[in-house]
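The block underneath contains the structure these notes are about, expressed in structure tokens.
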Amino acid sequence: MKDSFLFSSLIINWSTKNDRLLPWKQTNDPYKIWLSEIILQQTRIDQGTPYYLKFITEFPTVNDLAKADEDEVLKLWQGLGYYSRARNLHFTAKYIANELNGVFPTNHKDILKLKGIGDYTAAAIASFAYGLPHAVVDGNVYRVLSRVFGIETPIDSTQGKKEFSQLASELLDYKRPAANNQAIMDFGALQCTPKSPDCENCPLKDFCIAFNTKKIDQLPVKQKKLIKKNRYFHYLVINIDESVFLNKRNTKDIWQGLYDFPLIEHSSLLSTEELKDHPEWKAYFEGTNIEITSISKPFKQTLSHQYIHAVFYEIMIKKTSNNSILTHNKVRRAAIDQFAFPKIITWFLSDKTLYLGFK
DNA sequence: AACGCGGGGTT
DNA sequence: AACCCAGCGTT
């Protein structure tokens with residue numbers, strides 16, 4: 001079965017009967033294909049599709065995207081996660097517009113140099129936009145190849161990456177790389193699924209080593225296991241007149257580029273009395289006449305690598321002689337919809353809208 | 001080579 | 001709760 005022609009023929013034949021109609025399949029525009037691939041990195045089709053449609057409506061060309069503010073791009077990206085994708089997308093749009101005269105690179109080597117584009121995305125754009133013979137290796141491909149060929153090398157090892165991308169290249173039908181790449185990903189997503197794949201109705205049943213040795217549920221092999229850490233956020237929702245103070249996250253941490261509120265982080269959840277005794281609280285409110293008007297329920301958000309626990313203290317400033325909080329962005333409450341927030345902030349805000357008419 | 005980076009669906 | 005999704009950049 002180490003017959004590349006047979007493998008790609010079977011996969012492509014399968015795909016002609018199991019086509020997924022997706023918006024970015026209808027175009028050869030490298031900008032749209034690039035945009036779709038960035039959105040779909042580590043993201044399910046169903047989750048990414050509405051964002052793709054929003055983006056091509058708002059920014060029909062790379063020049064439109066380049067002209068936008070980063071805040072505007074992040075706002076449109078809000079809720080999709082992995083926000084460095086949006087920042088790199090915008091950076092690269094400006095680069096293409098300003099340095100490349102708005103023309104997307106047309107060869108694999110130059111595509112791969114762009115920020116936010118790695119091996120997978122470069123191969124995807126090269127094949128889908130220009131018909132160039134570069135094999136994609138994404139999560140679907142790792143799964144399909146490891147099973148069909150019984151490869152137990154961990155897919156998240158350097159050796160594994162090398163081995164699988166070499167095999168994918170050998171298997172690629174060089175006469176129809178786009179169809180071949182599309183087919184193997186669709187096959188992984190619909191037929192050779194992570195859990196309970198439909199092996200009985202699989203065209204590769206007779207060849208698949210994992211199926212014939214009953215190792216389907218053991219492949220692919222991954223070596224990493226990551227531990228989640230707990231973090232405790234005490235958010236200060238500081239209101240003064242019709243405004244509230246926002247914080248733009250610029251440090252090297254989660255949610256870079258998004259907005260939240262002034263934050264006191266501690267290694268455990270603090271009681272109100274403990275929080276009032278915290279040096280950062282004192283720095284904020286020393287010499288200031290304030291009132292805590294409400295304390296939210298605890299919110300919990302699960303990230304890929306940490307748990308965020310957040311409590312929101314709503315504080316009204318009556319009179320201040322302290323200007324340290326003024327280093328944050330003072331924003332009219334009616335205008336906060338324009339800022340991009342992480343999920344845990346939007347949960348808090350929608351709760352407030354629901355119960356207190358806060359807007 | 002190892003780690004950090006979101007959010008959500010499925011099992 | 002664990003796993004995984006059209007991965008990439010940094011250290």
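Treat the numbers as computed from the prediction; the structure is a model and nothing was measured. Numbers restart at 1 for each chain; the letters A, B, ... are given by sequence-line order, proteins then strands.
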Validation row: A/D351, A/S296 side chains within 4.5 angstrom (heavy atoms): no

Sugar-phosphate, base or nothing in reach of A/S84, heavy atoms under 4.0 Å: nothing

Spacing of A/L226 atom CG relative to B/dG6 atom P, expressed in whole Å: 13 Å

Rounded distance in Å - CZ (A/R44) to P (B/dT11): 9 Å

Interface residues of residues 117-133 of chain A with DNA chain B (non-hydrogen, below 4.0 angstrom): none

Distance in angstrom units between A/Y82 OH and C/dA6 C1', rounded: 14 Å

side-chain N/O A/K229 vs B/dG4 OP1/OP2, d < 4.0 Å: no

Student check: side-chain heavy atoms of A/P203 and A/N13 closer than 4.5 Å: no

Closest listed nucleotide, where the reference is the side chain of A/W255 and the choices are B/dG6, C/dG9, C/dA6: B/dG6

Cation-pi, A/F339 ring and A/K75 (6.0 angstrom, 45 degrees): no

B/dG6 base / A/T43 side chain donor-acceptor hit below 3.5 Å: yes

Closest-nucleotide ordering on DNA chain C, the 5'-leading residue of A/K252 and A/K195: A/K195

Phosphate-side-chain proximity, A/Y83 and B/dG7, N/O vs OP1/OP2 below 4.0 Å: yes

Least distance between heavy atoms, A/A86 atom then A/L74 atom: CB-CD2, 3.8 Å

CD/A/E242: more than 12 non-hydrogen atoms of other groups inside 6.0 Å: no

N or O in side chain of A/Q41 less than 4.0 angstrom from B/dC5 OP1/OP2: no

Contact under 4.0 Å: A/R87 side-chain N or O vs C/dG9 OP1/OP2: no

Salt-bridge present (A/D253, A/R231; N to O < 4.0 Å): yes

Protein-nucleotide distance (A/M185, atom CE; C/dC4, atom C1'), rounded to Å: 16 Å

NZ/A/K162: more than 12 non-hydrogen atoms of other groups inside 6.0 Å: no

For atom CD of A/Q256 and atom P of C/dG9, their distance in whole Å: 14 Å

Proximal nucleotide (of C/dG9, B/dG7, C/dA6) relative to the A/N140 side chain: C/dA6

Aromatic A/F299 / basic A/K297 pairing, under 6.0 angstrom, 45° off normal: yes

Gap in Å between the two C1' atoms, one belonging to B/dG6 and one to C/dC4, rounded: 13 Å

Sugar-phosphate, base or nothing in reach of A/Q159, heavy atoms under 4.0 Å: nothing

Side-chain N or O of A/H305 closer than 4.0 Å to phosphate OP1/OP2 of B/dG4: no

Touch class at under 4.0 angstrom, heavy-atom based, for A/G48 against every strand present: nothing

Which atom of A/I344 lies closest to which atom of A/A310, heavy atoms considered: CD1-CB, 3.6 Å

Side-chain N or O of A/K161 closer than 4.0 Å to phosphate OP1/OP2 of C/dG7: no

Between P of C/dA6 and CH2 of A/W24, the distance in whole Å: 10 Å

Given DNA chain C, 5'-ward residue of the pair A/K222 and A/R85, judged by closest heavy atom: A/K222

5'-most by nearest nucleotide on DNA chain B - A/G81 or A/D46: A/G81

Distance below 4.0 Å between A/Q42 side-chain N/O and C/dC5 OP1 or OP2: no

Nearest-Å distance for atom pair CD1/C1', residues A/I45 and C/dC5: 9 Å

Whole-Å distance separating the NZ atom of A/K300 from the C1' atom of B/dG8: 16 Å

A/W77 side chain near B/dC5 phosphate (N/O to OP1/OP2, under 4.0 Å): no

Sugar-phosphate only, base, or nothing, as touched by A/N181 at under 4.0 Å among non-hydrogen atoms: nothing

